[in-house]
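Letters A, B, ... mirror the listed sequences (proteins, then strands); counts begin at 1.
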Amino acid sequence: MTTEATAGLGSVMVATVRRELLLAMRSPGDVINPLMFFIIAVTLFPLSGGVEDAFLATIAPGVIWVTALLAVMLSLDSLFRADYEDGNLEQLLMSPQPLYFLVLSKVLGHWLMACLPIIILAPVLALMLKLPGAGISALVVSLALGTPILVLIGAIGMALTVGLSRSGLLLAVLILPLYVPVLIFGTGVVDAAINDMAYAGLLALMGAMLALAISLSPLAIVAALRISVN
Amino acid sequence: MTTEATAGLGSVMVATVRRELLLAMRSPGDVINPLMFFIIAVTLFPLSGGVEDAFLATIAPGVIWVTALLAVMLSLDSLFRADYEDGNLEQLLMSPQPLYFLVLSKVLGHWLMACLPIIILAPVLALMLKLPGAGISALVVSLALGTPILVLIGAIGMALTVGLSRSGLLLAVLILPLYVPVLIFGTGVVDAAINDMAYAGLLALMGAMLALAISLSPLAIVAALRISVN
Amino acid sequence: MWQWLYKLGSPRWFYELGDRCLPWLWGITVFLLVVGVVWGLAFAPPDYQMGDNYRIIYMHVPSAGLMKGCFYMMAICSAAVLIWKIKMADIVAKAIAPIGAMATLLMLASGSLWGIPTWGTWWIWDARLTSSLLQFFIYMGIIVLRSAFDSQDSAARACAVLTLVGVVNIPIIEYSVEWWNTLHQGASSLGMRDASANPPEIWIPAFFTGFGFIGLFFIGLILRSQNEILLRERRTRWVRDLVAREGTRA
Amino acid sequence: MPNTKPGQGMLEAKDLYCERDDRVLFQHLDFNLFAGQAIQLQGSNGSGKTTLLRILCGLNSDYRGEIRWRGQLVEKARTDFRAQVFYLGHNPAINKRLSAAENLRWFCASRGQRAGNITEALAAFSLQGYEDVPCYMMSAGQQRRVSLARMKLVPAALWILDEPFTALDKKGVSELEGMLSDFVRVGGSLLLTTHHPLQMGCAVDVIDLDARIREAVA
Amino acid sequence: MPNTKPGQGMLEAKDLYCERDDRVLFQHLDFNLFAGQAIQLQGSNGSGKTTLLRILCGLNSDYRGEIRWRGQLVEKARTDFRAQVFYLGHNPAINKRLSAAENLRWFCASRGQRAGNITEALAAFSLQGYEDVPCYMMSAGQQRRVSLARMKLVPAALWILDEPFTALDKKGVSELEGMLSDFVRVGGSLLLTTHHPLQMGCAVDVIDLDARIREAVA
Ligand code: HEM
Ligand SMILES: Nc1ncnc2c1ncn2[C@@H]1O[C@H](COP(=O)(O)OP(=O)(O)OP(=O)(O)O)[C@@H](O)[C@H]1O
Ligand SMILES: Nc1ncnc2c1ncn2[C@@H]1O[C@H](COP(=O)(O)OP(=O)(O)OP(=O)(O)O)[C@@H](O)[C@H]1O
Ligand SMILES: [Mg+2]
Ligand SMILES: [Mg+2]
């Protein structure tokens, strides 16, 4: 009755992503909360400062990028915590499949759930903050390139702290410094676009960072998970 | 061998506050993390936008207030969670002492640990952001009046969500909208001070809000805790 | 009075009351909406300054009214949940929340659409706009909170507490936003006030659509509540019988 | 020690009913707990013991029926009830980052009493010398003992204990049993659940939730 | 079913040593687990059973000594080892928000297998009809059963079970015991801990950690 039939690596990754989506469907909060946080936090800034179009436009790139960054970081809490608490993480670490890809697909699933909505909604908020049209597309592209990096880096921190209770702020303190380069390049792209300067180079840089993150951080994540489970 | 000797309400509150401080001493993270988050998050903004003094000065009040607000909100996670998980909360709810004051003193203890350092450090960051000297004192006063309100309101949300796992972002979505008035008045005070207009009235308003929060929110907190323990 | 309240507290009674009211409601609502919309869109004269696009008001203002009304109703239900532990009150509160959120969204959307021709932009940080946005967040918060609980009773009471907290806060929020807005810039809330100076031909249809919206609201409320009732009472006698009867009819 | 005369009625439950995710846990449950009486709740896993205890403690409010404390409705007599009852739940209610003494001291303070002789209380559970050991350094069993030591420090007429014997070794179990029967003998009332066969020095009445369900079904 | 010939050496531990917060849990621990053999780890609470099992599974790495899988060092044979071992820990490894079937399906997928007959596997633990019930609606015992059902779905030569009987009622316990002895009979190797007296249909060797400590002290 047990089946020796083995499925390929691809289907393993698909199954993992599908599970993440399934879970998100079951508890919509995991998708809605990051998005809501993003929107609310962005609106806090006009409320706390001037609302002249010129002023808003200048702060818009920074505000949107910083809040997106915080939203992604906070969303990470749901990445490994549940699996750690109910013991699924142990089972994952004991799977004969290459963990590199299992972790990668988990991260991918999380990105789809937590980040994609943010990227999609970013233009709306950008317009509310009177960001010049030229900046919009650049903003979206930079977020699309940047958020995966944020998730990949953040996942390392999350994997390290998942064993500790009340890890929210600790995580922030650990990984926010690591987020700085992404933030600088991301906002740099938008600013460049607004002042219509070329920003292809910056995008290329971010792409390189993304490639690096994809290839390295899963290794770090796996190592960190082993430590946390230990 | 049991002692019928009963102590007054005052000493109960003192004991509760002392316990909070003791716990903070035992795990300094509870004190350091909010502060670190505050510093790091504030520094993210200059990194993400222009750095002309004039520009910084205009965004300074908003940035400092918003980040302080986020730091306080995130720090709340450690307010009831531990007590909930180890069962101390049940015991608290079964104490013959008036819960109103027990909760109030817990909140006070948390404020001392998580907010006071932020208030003390705020001027430094304000100067880094080139906030005109006139604004500094106003900033400190507004934070001193505002953060207790934030903690009191946030504690309600925390008490509602302490039973749920992964409540970090959920808490944010619940209470950030309720934080708006504090934010508006807080930054209003600082802006007024910078443009040397009178802001005593605003402070009075914040004082009134604080009084309201102190008198009402403990009731809501207790109700919420009962629900969570149920 | 108390008797009546008590009855309203029983899901079965509510369910059957709903069944009895629905046909009438449908009739009235459709009538109001048809008249209001046809009159408003076809016969009412174009506005002297805003041309034809003022007609959005026929959906904008009523939804704005709903946004407020829904929350007050939720607040009353929440009080009933916490004080008298009336299960029905929670069912209604749960049913209202998404409707209120939708109404707010509708108003935001219609408002922004309206803004494009009138203000030349679909969004300004005007006091009323901002507080509407915040109101939407508060609705969402309540919805999300409920979805986060597994146990129904806890969810009911938790949402009730949050709603009441929200009620205390909303006036403060609106006031603060007003104040903030007047501090920063004034004139942007144009159109909101002077619109009331419009001729009656414009306003009468607005009344029709307005009441039509209220009708729609109650229909949605009843339908959602009835679903919720069937779900929660599925194990009780009368629901089983009901289902059996429906089954035979179908 | 409880200032009650044996035989006096303490906790009374009338026609209690509780269901959880529409499964009835118990119904028509009546009992009367007197001073100097011990009652053991029995029942298989998930039969509702913990739920019942929490209801009686006022920690869980979704039930129907009435609960009386010394004759008057417990809602009316909350403060007196809380001052007179000691509840031990599934969780030890011990903060791991605090030492044994600090935990006990705060427990007393939170109930508005001066802490009694903590060393003695700990010694009664053979934890002498552990006053200042932070609890995360203690084994599960030792943590349970710290938690139990609290009952030596608060003057209570009614002890409600949910599985007090978990994580205790043989010796600990028999010591605790002795303590409980002493408490009952001097007029305390005791309500406890446990899955292990009791050997107490006093009579113990039994309420079996499974049996009650069986009757109800039949 | 395990593709092993009885008597073949599977898991071998040589001179294992482990301490935790500088208390020695075990030292000079050697054993050899053959195909078709069952070993029970005994020891009081905190004696190190769970720790040992986790070390053998490669979940815990702070130990000294060597562990061999089918003759070669386990570090070398990780993938084959993982493919061949089924581990059941203290936690059920069940996601409460997913249904029983979804949990099982993902478990198989994560190990790179197509899911076998899930209904059958659940039925084997008398959970027929529970395929699509979300697990948070199940009682602790039922969740354990879902978790156990996984061992019907993965082809493993070695089962490592940490307290598999927790939360099971009498009937469940005896069913599981039957299943375990069948597995051993067809050549599987079994390593388990439990606090309850086993009644298996096959011989069970015992390793008692307390006894070992006593010797060490003496
Ligand atoms: C996103 C954009 C908008 C939002 C969120 C918004 C919000 C609101 C709200 C909340 C109300 C209800 C006021 C009350 O009941 O006290 C309202 C009423 C009204 N709005 Fe808007 N509005 C928007 C855009 C506009 C625009 C562009 C116009 C026309 C130029 C407009 C004209 C009106 C009028 C005429 C009323 C009814 C009269 C009044 O209550 O003052 N609104 N709107
Ligand atoms: N948080 C909860 N939400 C919904 N139902 C619950 C919850 N906790 C317990 N239950 C249900 O209530 C019933 C009673 O649980 P309870 O903990 O009282 O049992 P118990 O008799 O204490 O069991 P044990 O002997 O294991 O302590 C269980 O069948 C369980 O399914
Ligand atoms: N996270 C930890 N950190 C430090 N020491 C620990 C930790 N977990 C367990 N220990 C110590 O390791 C020892 C062995 O724990 P372990 O869980 O292996 O015991 P066990 O035999 O499984 O007990 P049980 O029968 O209760 O499962 C215990 O004495 C405990 O003090
Ligand atoms: Mg129990
Ligand atoms: Mg163990």
Quick check for you: to the nearest 0.5 Å, what is the distance between E/Leu25 atom CG and E/Thr51 atom OG1? 5.5 Å
Is there side-chain contact between A/Met209 and A/Leu152, with heavy atoms separated by less than 4.5 Å? no
Please classify the contact between E/Arg78 and chain A as side chain, backbone, both or neither, with a heavy-atom cut-off of under 4.5 Å. neither
If one checks every heavy atom of E/Ile94 against chain A at 4.5 Å, the contacting part turns out to be backbone
Could you tell me whether E/Tyr130 atom OH has more than 12 heavy atoms of other residues or ligands within 6.0 Å of it? no
Taking the side chain as every heavy atom from C-beta outward, state whether E/Met10 and E/Trp69 have any pair of such atoms under 4.5 Å apart. yes
Of the listed residues (A/Met13, A/Arg226, A/Glu85, A/Gln91), which shares the most heavy-atom pairs with chain E below a 4.5 Å separation? A/Gln91
Will you find, in the side chains of A/Asn230 and E/Ser61, an N or O donor that is under 3.5 Å from an N or O acceptor? yes
Using the side-chain contact (heavy atoms from CB on, under 4.5 Å) rule, pick out the option among A/Val151, A/Asp30, A/Val72 that qualifies with A/His110. A/Val151
What part of A/Leu92 is in contact with chain E, defined as an atom under 4.5 angstrom from a non-hydrogen atom: side chain, backbone, both or neither? side chain
Quick check for you: among A/Leu102, A/Ile227, A/Leu93, which has the greatest number of heavy-atom pairs under 4.5 Å with chain E? A/Leu93
Sort A/Glu90 into side chain, backbone, both or neither according to what part of it lies under 4.5 angstrom from a heavy atom of chain E. both
Counting heavy-atom pairs under 4.5 Å with chain A, which one of E/Ser147, E/Ala109, E/Ser110 comes out on top? E/Ser110
Tell me, for E/Phe107 versus chain A, whether the close heavy atoms (under 4.5 Å) come from the side chain, the backbone, both or neither. side chain
Value rounded to 0.5 Å, distance of CE in A/Met158 from OG in A/Ser75: 10.0 Å
Chain A contact via E/Arg54 - which portion, at a heavy-atom distance below 4.5 Å: side chain
